[in-house]
Undergrad: 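Below is a structure I'd like to ask you about.
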Protein chains: 2
Amino acid sequence: MTTTKAACVGRPRGFDIDLALEQALNVFWRNGYEGTSLNELTEAMGIKKPSLYAAFGNKEQLFFKAIDLYENRPDSLFNIAFQHEHVADVIRGLLLGAATQFTDCSHPQGCALINSTLSCSEASESIKQTVLARKAKHKQRLVDRFAQAKNSGELQEGCEPVVLANLMTTLFQGLSMQASEGASVDELQQVAAMAAEGILTVSVKR
Amino acid sequence: MTTTKAACVGRPRGFDIDLALEQALNVFWRNGYEGTSLNELTEAMGIKKPSLYAAFGNKEQLFFKAIDLYENRPDSLFNIAFQHEHVADVIRGLLLGAATQFTDCSHPQGCALINSTLSCSEASESIKQTVLARKAKHKQRLVDRFAQAKNSGELQEGCEPVVLANLMTTLFQGLSMQASEGASVDELQQVAAMAAEGILTVSVKR
DNA sequence: ACAATTTATTACCTATCGGTACAAAATTCA
DNA sequence: TGAATTTTGTACCGATAGGTAATAAATTGT
């Protein structure tokens, strides 16, 4: 049932399944779910449609596998920034990291998760819901981290962890859109730096 | 050649062209350009396809007319907020206004201009470019207003008008996405208030 | 009444969408 | 050398996309 297990009988697969998935992720990353056609996918992956369906199920399942691949990268924004001890460094790391990673030209611009949700009409509702659920999980990680900071006395009294998390999420989405629209690294880093400065002065104790 | 001029000869048009355009705007607002099909449009507008093409040209021209309608509303966010004398009130007005308008349930959630760009693959490049140009024009209005504030000594020395404008744009896009994904008025207003507070402390002289 | 003009309705066009049937090709097992 | 099994390529499916040809219906001018 799994696609990862190599079959030892029958004609051997003529392409690298992990590499193909990475190509698929790139296309979804650039064009979103609905903005990506099967022809674009098969061309980018270097395979024909029946091979795609045999290996990944269908377009929807391929998308989920691609997103899994994206989210489980060890060098993800959250994994890096959450290593900092002080919440101020976490906030700075998240914002500056987003500005940097979203404009990294070794892959499509912006956040794959955020970009994918965008071009999603009422048609593919399951895609939308799934992506929203994943984004909610990420937001919860932020809320938890900020709640912990509040408990340890790092945050100012008036600062609500959930509001702070929402503001960070808002900035991520904005930064992702800007990057997708062609903003430069410098431009976004300046924005992130100013945002971090402002947020820190109203949320973190000095 | 114009569609606004009423013909005095021939069969009279059986529908209100301005009302139909408003319905079209609503659909584009909800689903974006590519996410909206002609069938959805004609159903929402209460007309058949040939009537749509006779009155508006084609899907692309209909979209541009709908966006024109959207941008030329007198109660637009910018028009209201720019009436304030002090730049601090402008910033507060823009952010709180965005949070409020984007979640106003008398129309689709989020900003029509921002939402439309989203679901736009490489296919409809002219749509993307046109919308980007309009967004750039709005950003320029922000830059001009902040530059004026800097000249009049309202802004802190280290505050660059263009960076401040970029940060505001980033927040607008984030707020629009959050609203489209179902965020509540309260939620977004809290985010906007915190963002405004942070921005003011690092950009406006006290 | 009748031509001229404009709109409305039906039915259709081509292109592309996601998805698949089928048979040839390539391998392992006996 | 087969039989079994799996992948590959071609060619196709129904549904829907945006868009239009042709004709009927409704009006104004004469």
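Letters A, B, ... are given to chains in the order of the sequence lines, protein chains preceding strands, and every chain is numbered from 1. Basis for what follows: all heavy atoms, side chains included, without hydrogens, waters or symmetry-related copies. Predicted model only: the values in this text are computed from it and were never measured.
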Undergrad: Identify which nucleotide among D:dG19, C:dG18, C:dT9 has an atom closest to any side-chain atom of B:Lys59, counting heavy atoms from C-beta outward.
TA: D:dG19
Undergrad: With respect to the side chain of A:Arg11, which nucleotide from D:dT7, D:dA25, D:dT27 is positioned closest?
TA: D:dT7
Undergrad: Using whole Å, what does the distance between atom P of nucleotide C:dC17 and atom OH of A:Tyr33 come to?
TA: 13 Å
Undergrad: Using a heavy-atom cut-off of 4.0 Å across all strands, would you classify B:Pro50 as base, sugar-phosphate, or nothing?
TA: base
Undergrad: Does the side chain of B:Ser51 get closer than 4.0 angstrom to OP1 or OP2 of C:dT7 through an N or O atom?
TA: no
Undergrad: In whole angstrom, give the distance that lies between atom CZ of A:Phe56 and atom C1' of C:dT20.
TA: 18 Å
Undergrad: Would you kindly give the CG-to-C1' distance between A:Leu52 and D:dT10, to the nearest whole Å?
TA: 16 Å
Undergrad: Atom CZ of B:Arg13 and atom C1' of D:dT28: how far apart are they, to the nearest Å?
TA: 16 Å
Undergrad: Specify the separation, in whole Å, of atom CZ of A:Phe63 and atom C1' of C:dG18.
TA: 16 Å
Undergrad: Considering residues at least two apart in sequence or located in another chain, which fulfil the side chain to side chain contact (heavy atoms under 4.5 Å, CB included) criterion with A:Gln148?
TA: A:Arg145
Undergrad: Evaluate the side-chain proximity of A:Ile91 to A:Phe146: yes if any heavy-atom separation is below 4.5 Å, no if none is.
TA: yes
Undergrad: Please check if any side-chain donor atom of A:Asn79 sits under 3.5 Å from a side-chain acceptor atom of A:Gln83, or the reverse.
TA: no
Undergrad: Grab the CD1-P distance between B:Ile47 and C:dA8 for me, whole Å please.
TA: 8 Å
Undergrad: Just verifying a value: how many Å separate B:Ser76 OG and B:Leu113 CG, rounded to the nearest 0.5 Å?
TA: 11.0 Å
Undergrad: Which atom names give the shortest non-hydrogen contact between A:Thr36 and A:Lys59, and what distance separates them?
TA: O-NZ, 2.8 Å
Undergrad: Could you tell me the separation between the CD atom of A:Glu34 and the C1' atom of C:dC17, rounded to a whole number of Å?
TA: 12 Å
Undergrad: Can you tell me which nucleotide in D:dG18, C:dT28, C:dC17 comes closest to the side chain of B:Ser37?
TA: D:dG18
Undergrad: CD1 of B:Ile17 versus C1' of C:dT6: gap in Å, rounded?
TA: 13 Å
Undergrad: Side chains of A:Glu34 and A:Ser124: donor-acceptor distance under 3.5 Å anywhere?
TA: yes
Undergrad: Quick one: side chain to side chain contact (heavy atoms under 4.5 Å, CB included) partners of B:Thr170, sequence neighbours excluded?
TA: A:Leu171, A:Leu175, A:Gln178, A:Val191
Undergrad: For B:Phe15 and for B:Lys49, find the nucleotide of DNA chain C with the closest heavy atom, then tell me which residue's nucleotide is more 5'.
TA: B:Phe15
Undergrad: On DNA chain C, nearest-nucleotide positions of A:Tyr53 versus B:Gly14: which is more 5'?
TA: B:Gly14
Undergrad: With the threshold set at under 4.0 Å for non-hydrogen atoms, list the residues of residues 38-45 of chain A touching DNA chain C in residue-number order.
TA: A:Leu38, A:Asn39
